[in-house]
Amino acid sequence: MTGSAARLLALVALCTLAACGSHDASPSQPSESLAASAPARGDVDRGRALVALFQCNRCHEGGPLAAVPRAEHCVSCHRAILDGDHGVTAGLDVSAETWTRWRERLVGLDVAPSFVAVSRLEPSWVESFLRDPQDVRPQLHAMMPRLRLDDAQARDIAAFLALGGDATPSLRVTQRQITRGRALLESKACGGCHVFSGVLPLPTRPPAPTSTSVEQARALRLAPDLWLTRDRWAAGRVVEWLMQPRRLKPDTLMPDTHLSRDEATAITAYLFLAERGARTRPGVPARLPLLQRPVGFDEVNERVFRGECWHCHSDPSYAGGVGGPGNTGGFGFEGRDIDLSSYEGVNSGYRDAQGRRHSLFERDAEGVPRLVAVLRARQAEQAGQPVPGILGMPLGFPARSAEDIQRVESWIAQGRPR
Amino acid sequence: MTVHTNHMPPRTTDGDRDLAAARARRTPRISARRPGGYWLLLIAALGLGLMTEVHHASACGNAMVLSGDETAQTLSQAERQLAAGRADRAFVSALTVFWSLEEAVGLTEDGYDESGDRPSERAEQRSNRRKAALSARAKLVMAVAMVRLNGATTFEPHHAPRVSRLRAVRHALLSSPTDAERQASLTWALTALTDMQPADGDDPVQMAHYAEALARFPDHRAQALQLLHDLATRDLMPDAWAYHTLAELLRGTDDTASAEAAAHCRERAGRHASRICSESP
């Protein structure tokens, strides 16, 4: 008997039993076994050093990492701005108008998952996620950036983050539980926060308020796509999580929905065994033709460089010597002297690993200027087609639109007028 | 008047010192009755001193600093004025910033306080990296503005007595400078720009500014041409001014290349082309 035939027979048997049974998993029912947690494989000490090198604690709070000052912590600082906490601008005379403008423009990095109890996640998934970040949280503006790390480094970091996690045994579930799990996801209004790609959409009825509106909004943005659950977690741990989220992760915004073990197991069964289609990704937008109208630096600056670019590629002499990870270095990146904060800076190029300076407008074999290539690479990354050797920009943020890239290309083609 | 080349900073000659002494004599002497503007400047400077002691969100780079730091905003404005061909305005704006930072730090260029004593503890505490960076940036704007004004300024930051500075700003721009004054100012600018060259000499903005200054001295036009040609070949010309200087340097020796550089100047300058790219007489 082939594997597929055996699987078909098992499913027929499961469905038959589901149609006439009334109880959950019992020794008499056919069941499927969901795997136990797997141990980490990497070197913990090297992982600890790498977490420091990549400055993970400038976005993620808590867990095994030492806290950094708020002014160096992207998420805390942004949150302070949104919360109206003027202390974060210590010493700067920020007008009410400026404050309002910041709050209007600040759309990302005001919330990120903490590292508290990060060991609940499967090390193998953490490892692959670090190598090839996916959009885990569809409603969160930013996502894990694609860092310059190799397989061994990803493995070591995953091992360090798995510290303190206990082993979880395998879990047996039945087909009836899968069906019940779907019903529970609907009745508990899980779709109010979570999406589950690749299955019949969950009803989006909002959950009953369990916290402040601000917290609820943050919870919504942190809610992962349930498509990934079976990769990120061991099934047994999901059951524990669903029953008492805060017991596993004290700072979680996931509400306690008071599930029994049977209910939690049923939901887990659905999350792990529901037939799911592929996760949809955006395609790579078509490259638009050059604009015929004049495009000046002011337009490109306002629409592109001042969006996210200049936060990481800024002029160090205006910021106490800190030009951001894309200029003076950080997040594991060596300083590359890229300054996107001014016309002159943009035209001054970057330093390669050997310290030699190159233009940001050098063309590749297809005649695409490097600046455009990195913007398009981000579009490709979002489509699941990372470009070897090129990190898409903006790093960890949504790709710029085809129209914005068209502006940049047109500006370059017109001789980069001020 | 001697100008040193090959990235060696020119040093002050006897002639320079004589000129500086003459300038010092020309500046108004300290009076007991200080003008109101002085106190305003001093208050502003003290405010700046306090504001620059603390740490704001350095992680946000320029986004936060340029939104909330008045000194940085003024300096940024000076840079925009300079880029747009308003060298006179840029010079005055940068000069104001330079002095206000100097007041806040309480140090002269060589690190001593103005009474000539050793640096005070307070002064040392305040002399942080950020202020030094802004101060250097202001000096860069002044030097480049001096070059673009072809030396039609009379200013040396550390020779003007504090009390006379506001008046000195008004007098800094000369309508009809003598040749000696022009030469002295251009030499000061070249010295300043030489001192600012990074150790590896590979900062396109600094290189282009340095070349602009070198181009004002007939003996050093070849070096200026070499620097700009290198930048242009690598597509690292930072702005229209660099192309303008290149076009001027090539004019008469390679008119085709000069015209090409002038065309790049007009492309890069955009709406400022008429102020930046017109041929010198």
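Because only heavy atoms are used, hydrogens play no part in the values below, and waters and symmetry mates are left out as well, while side chains stay in. Lettering follows sequence order; numbering is per chain, from 1.
For B:A269, the part lying under 4.5 angstrom from a heavy atom of chain A is the backbone only. Looking at B:L75, both its backbone and its side chain come within 4.5 Å of chain A, counting heavy atoms on both sides. For B:R234, the parts lying under 4.5 angstrom from a heavy atom of chain A are both the backbone and the side chain. There is no contact between B:H264 and chain A, counting heavy-atom distances below 4.5 Å. Using a 4.5 Å cut-off between heavy atoms, A:H313 does not touch chain B at all. Looking at A:I81, the atoms closer than 4.5 Å to chain B (heavy atoms on both sides) all sit in the side chain, from C-beta outward. Contact of A:S348 with chain B is made through backbone and side chain together, with heavy-atom distances under 4.5 Å.
Taking 4.0 Å as the cut-off between side-chain N and carboxylate O, B:R271 and A:D298 count as a salt-bridged pair. Between B:R137 and A:D315 there is a salt bridge, with a side-chain nitrogen of the basic residue lying less than 4.0 Å from a carboxylate oxygen of the acidic one. Electrostatic pairing of B:D235 and A:R416 counts as a salt bridge here, judged by a charged N lying under 4.0 Å from a carboxylate O.
Interface check for chain B: of the options A:R306, A:R101, A:R351, the most heavy-atom pairs under 4.5 Å are formed by A:R351.
The closest side-chain heavy-atom distance from B:L66 to A:W310 is below 4.5 Å.
Here the side chain of A:Y318 pairs no donor or acceptor atom with the backbone of B:Q73 at under 3.5 angstrom. Side-chain atoms of A:R357 come within 3.5 Å of backbone atoms of B:D202 as a donor-acceptor pair (strictly under, hydrogens ignored).
For the atom pair B:W241 CH2 and A:R418 CZ, the distance stands at 10.0 Å (nearest 0.5 Å). The distance from atom CG of B:L236 to atom CG of A:N347, rounded to the nearest 0.5 Å, is 9.0 Å.
Residue-environment remark: NE2 (B:H229) stays at or below the threshold of 12 foreign heavy atoms within 6.0 Å.
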